[in-house]
Asks: 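After the structure tokens below, expect a handful of questions from me.
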Amino acid sequence: MIDLKLVQKNPEVLAKALADRQSSLRVEDFLALDGRRRALLAEVEALKNQRNTASGQVAALKREGKDASHMMEELGALSDRIKALDAQTAEAKAAVEEWLMGVPNIPDATTPVGKDESENPEVLRWGTPRDFDFPVKEHWELGTALGGLDFERATRLAGSRFALSLGWAARLDRALVNFFLDEHVRNEGYIEVCPPFMVNRATMTGTGQLPKFEEDLFKMPDWGYYLIPTAEVPLTNIHAGEVLDEADLPRGYCAATPCFRSEAGSAGKDTRGLIRLHQFTKVEMVRFAHPDDSFHQLDVMVGHARNLLEKMELPYRVITLCTGDLGFGSAKTFDLEVWLPGQNTYREISSCSNCVDFQARRADIRFKPKGGKSAYVHTLNGSGLPTGRALAAILENGQQKDGSIVLPKVLVPYMDGVEVIEPR
RNA sequence: GGAGAGGUAGCGAAGUUGGCCGUAACGCGCUCGACUCGAAAUCGAGUUAUCGGUUAAUAGCCGGUACGUGGGUUCGAAUCCCACCCUCUCCGCCA
């Protein structure tokens, strides 16, 4: 949620942000709703002041043993008016709240303005895509031929957009989880977490998935639970409603969890392979930062994601998301795109965002500076990394003419010394 | 699932014959000060959040609201009534 006071005082800031984001929301609508809310509030508060004063007098009269019945009669009428106005005020407040909850974060000043993903500037490239002297294959072909991936049986078990990995591929998936977590926990100071994979509505609202993106989620209406689309949701909400010590910042959590996404609206896109599934495993990093330090922490976290790709020797590039492509809760996002030779393109494998105080305000996560008033922390999240897309990249980049896959050296110890996946 | 107890500030904990009891006793923590070479201990002072009005002000001042959540009764609710959520203890069940 953005800062109510900011919009009230500088509506032009939000107007620009919405325009830059190609949003159809209009600030004028908000100002009208909020004006109505404030007018009603001022009215009802004046009446309540009257009532409180008079009630005090009733109490005083009764203590002295005097009669207060005439006064109580008048106050009955006043209370009825207050009750009616209270209902209207609550309605007006809910309307303001609803509008506000649907407003995306204001992009940071350093986020480039652009209309869509075609205008995301590239920051850097790392590694050199291999030259192949044979026709390259895509990862699902390679994985299926080697007996590790079975999309037909996955479809039989569940449906489209599910995957089944067996043998070396399942093992490699587990190796990736362990490698990613080890890097974050051993070298980067993250606290490893095993969170709930289902969460309640309040938690989904805290990070911004709800109320606006309900159709993207798998939900269990009988229980009121939602399956997490990313571990960002439970990890960020770990401190919901809390006031942290300033000394606790920055603080990082990471978790490997399944992620569940309905992929509504992506019909026909990436229908084959491991790129876009209803369920996938991802290691996620979440950081809580001091407001003065959060953009530095974003760079730090991008470094953590880059480290994984570089240790696996997978070529990638980093782009900055422009305003038109920026996620709902983010003020600034860097995407890491890994080279997929089978598709002859860079594909997103990590997204690292600084949400500044947007999620902290929704989830009420604050910290107490020394001698100062408590303030919202800044929250950051980044993939580090999804195992499916990493596996796809490993298969496509490591493929040999004979159909075998040379694994990244760093993973060999995690695979009990297996260096190459050989055709059967 | 059954029985019982409970949810009050950063934490613990008072307060339930309805009315100066919510800047909420008391304790801890935290901040400042005294003592000290310095520290501990001790002593003194301070320390809720949020919304609206006013304002250059996220400073003051005035007002509203908040005792798990949502309703109800009442001139007035932490206190009485109803529903729901959560925590703890015991029992049952279970990986």
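If you're wondering where the values come from, they're calculated on a predicted model, not measured in any experiment. We name chains A, B, ... by the order of the sequence lines, and we start the count at 1 in each one.
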Asks: If B/A41 has a Watson-Crick or G-U wobble mate with both distances under 3.5 Å, name it; if not, just say none.
Replies: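 Per the H-bond distance test, none.
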
Asks: Expressed as a whole number of Å, how far does the P atom of B/C11 sit from that of B/G19?
Replies: 27 Å

Asks: Checking all strands, does A/R37 fall into the base, sugar-phosphate, or nothing category for heavy-atom contacts under 4.0 angstrom?
Replies: sugar-phosphate

Asks: If we take the C1' atom in both B/A49 and B/A24, what is their distance in whole Å?
Replies: 14 Å

Asks: Using only side-chain N and O atoms of A/N52, determine if any of them is under 4.0 Å from OP1 or OP2 of B/C75.
Replies: no

Asks: When rounded to the nearest 0.5 angstrom, what is the spacing between OG in A/S404 and CD1 in A/I421?
Replies: 9.5 Å

Asks: For A/Q8 and B/G52, is the shortest distance between a side-chain N/O and OP1 or OP2 below 4.0 Å?
Replies: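 It does, given that an N or O in the side chain of A/Q8 lies less than 4.0 Å from OP1 or OP2 of B/G52.
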
Asks: Specify the separation, in whole Å, of atom CG of A/L47 and atom P of B/G76.
Replies: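 Distance, rounded to whole Å: 13 Å.
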
Asks: Whole-Å distance between B/U50 C1' and A/R362 CZ?
Replies: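 Checked: the CZ to C1' distance equals 19 Å.
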
Asks: Given atom CD of A/E45 and atom P of B/G53, what is their separation to the nearest angstrom?
Replies: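 These atoms are roughly 9 Å apart.
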
Asks: Which base sits across from B/G52 as a Watson-Crick or G-U pair, both distances under 3.5 Å?
Replies: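 B/G52 is paired with B/C62.
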
Asks: Looking at B/A78, which nucleotide sits across from it as a Watson-Crick or G-U wobble partner, both distances under 3.5 angstrom, or is there none?
Replies: none

Asks: Supply the atom-to-atom distance A/L326 CG to A/T333 OG1, rounded to the nearest 0.5 angstrom.
Replies: 4.5 Å

Asks: Kindly point out which of B/G10, B/G64, B/G76 is positioned nearest to the side chain of A/V243?
Replies: B/G10

Asks: Atom NZ of A/K5 and atom C1' of B/A56: how far apart are they, to the nearest Å?
Replies: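 After rounding, the reported distance stands at 15 Å.
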
Asks: Can you tell me how far P of B/G76 sits from CD of A/E74, to the nearest Å?
Replies: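 The answer, rounded to whole Å, is 14 Å.
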
Asks: Suppose we define a pair by two distances each less than 3.5 Å, Watson-Crick or G-U wobble; what does B/A25 pair with here?
Replies: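 Matched B/A25 with nothing under the 3.5 Å cut-off.
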
Asks: Take atom P in B/G63 and the same atom in B/G1, then report the distance between them in whole Å.
Replies: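 One P to the other, the span is 49 Å.
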
Asks: Does B/C84 have a Watson-Crick or wobble partner in any strand here, with both distances under 3.5 angstrom, and which is it?
Replies: B/G68

Asks: Can you see whether A/D293 engages A/H296 through a side-chain donor-acceptor pair at a distance of less than 3.5 angstrom?
Replies: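 A/H296 and A/D293 do have a side-chain donor-acceptor pair below 3.5 Å.
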
Asks: By nearest nucleotide on RNA chain B, pick out whichever of A/L4 and A/E73 is the more 5' one.
Replies: A/L4

Asks: Think A/R366 has a side-chain N or O under 4.0 angstrom from the OP1 or OP2 of B/A49?
Replies: no

Asks: On a whole-Å scale, what distance lies between the C1' atoms belonging to B/G46 and B/G52?
Replies: 28 Å

Asks: Counting side-chain heavy atoms from C-beta on, which of B/C75, B/U65, B/C51 comes nearest to A/S55?
Replies: B/C75

Asks: Distance check, C1' atoms only: B/G10 and B/U69, in whole angstrom units.
Replies: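 Roughly 22 Å separates the two C1' atoms.
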
Asks: Could you give the distance separating B/G44 and B/U48 at their C1' atoms, to the nearest angstrom?
Replies: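 Their C1' atoms lie roughly 23 Å apart.
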
Asks: So what's B/U89 paired with, Watson-Crick or G-U wobble, going by both distances under 3.5 Å?
Replies: B/A3

Asks: Ignoring backbone atoms, test whether A/K93 places a side-chain nitrogen or oxygen under 4.0 Å from the OP1 or OP2 oxygen of B/G52.
Replies: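 Indeed not, no polar side-chain atom of A/K93 lies that close.
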
Asks: Verify the ring-centre separation between A/Y190 and A/H304: is it less than 6.0 angstrom?
Replies: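 Yes.
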
Asks: Aromatic ring centroids of A/H239 and A/F288 under 6.0 Å?
Replies: yes

Asks: Using the P atom on both, measure B/U47 against B/C61 and round to a whole Å.
Replies: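 It comes out at 12 Å once rounded to the nearest Å.
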
Asks: Are a donor atom and an acceptor atom from the side chains of A/Q8 and A/D34 found within less than 3.5 Å of each other?
Replies: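 A pair is found: one side chain offers a donor N or O, the other an acceptor, under 3.5 Å apart.
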
Asks: Is there a Watson-Crick or G-U wobble partner for B/C30 with both distances under 3.5 Å, and which nucleotide is it?
Replies: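 Its partner is B/G46 (Watson-Crick or G-U wobble, both distances under 3.5 Å).
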
Asks: Out of B/G63, B/G52, B/U65, which has the shortest distance to the side chain of A/N49?
Replies: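 Given the options B/G63, B/G52, B/U65, the side chain of A/N49 is closest to B/G63.
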
Asks: Please state how far atom NZ in A/K62 lies from atom C1' in B/G19, giving the value in whole angstrom units.
Replies: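 Spelled out: NZ on A/K62 to C1' on B/G19 is 9 Å.
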
Asks: Report yes if a side-chain nitrogen or oxygen of A/K83 is closer than 4.0 Å to either non-bridging phosphate oxygen (OP1 or OP2) of B/U73; otherwise report no.
Replies: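 For A/K83, the contact criterion (side-chain N or O under 4.0 Å from OP1 or OP2 of B/U73) is met.
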
Asks: As a test of reading the structure: which of B/A57, B/G52, B/C75 is closest to the side chain of A/K9, going by heavy atoms?
Replies: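 My answer, after comparing the listed nucleotides, is B/A57.
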
Asks: Both distances under 3.5 Å, Watson-Crick or G-U wobble: report the partner of B/C35, or none.
Replies: none

Asks: Kindly compute the distance separating CG (A/L142) from CG (A/L149), expressed to the nearest 0.5 Å.
Replies: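 Result: 9.5 Å between the selected atoms.
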
Asks: From CD of A/Q57 over to P of B/G76, roughly how many Å is that when rounded to an integer?
Replies: 15 Å

Asks: Is it true that A/E310 and A/Y316 share a donor-acceptor pair across their side chains at a distance under 3.5 Å?
Replies: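 A pair is found: one side chain offers a donor N or O, the other an acceptor, under 3.5 Å apart.
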
Asks: Could you state the CG-C1' distance from A/D80 to B/G72, rounded to the nearest angstrom?
Replies: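 So the two atoms are 14 Å apart, to the nearest Å.
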
Asks: Of A/A59 and A/L41, whose closest RNA chain B nucleotide lies nearer the 5' terminus?
Replies: A/A59

Asks: Please determine if a side-chain N or O atom of A/S79 lies less than 4.0 Å away from the OP1 or OP2 oxygen of B/G76.
Replies: yes

Asks: Using the P atom as the reference point in each nucleotide, state the distance between B/A45 and B/C28 in Å, no decimals.
Replies: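 Taking atom P in both B/A45 and B/C28, they lie 14 Å apart.
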
Asks: Between B/C51, B/G19, B/C75, which one does the side chain of A/R51 approach most closely?
Replies: B/C75

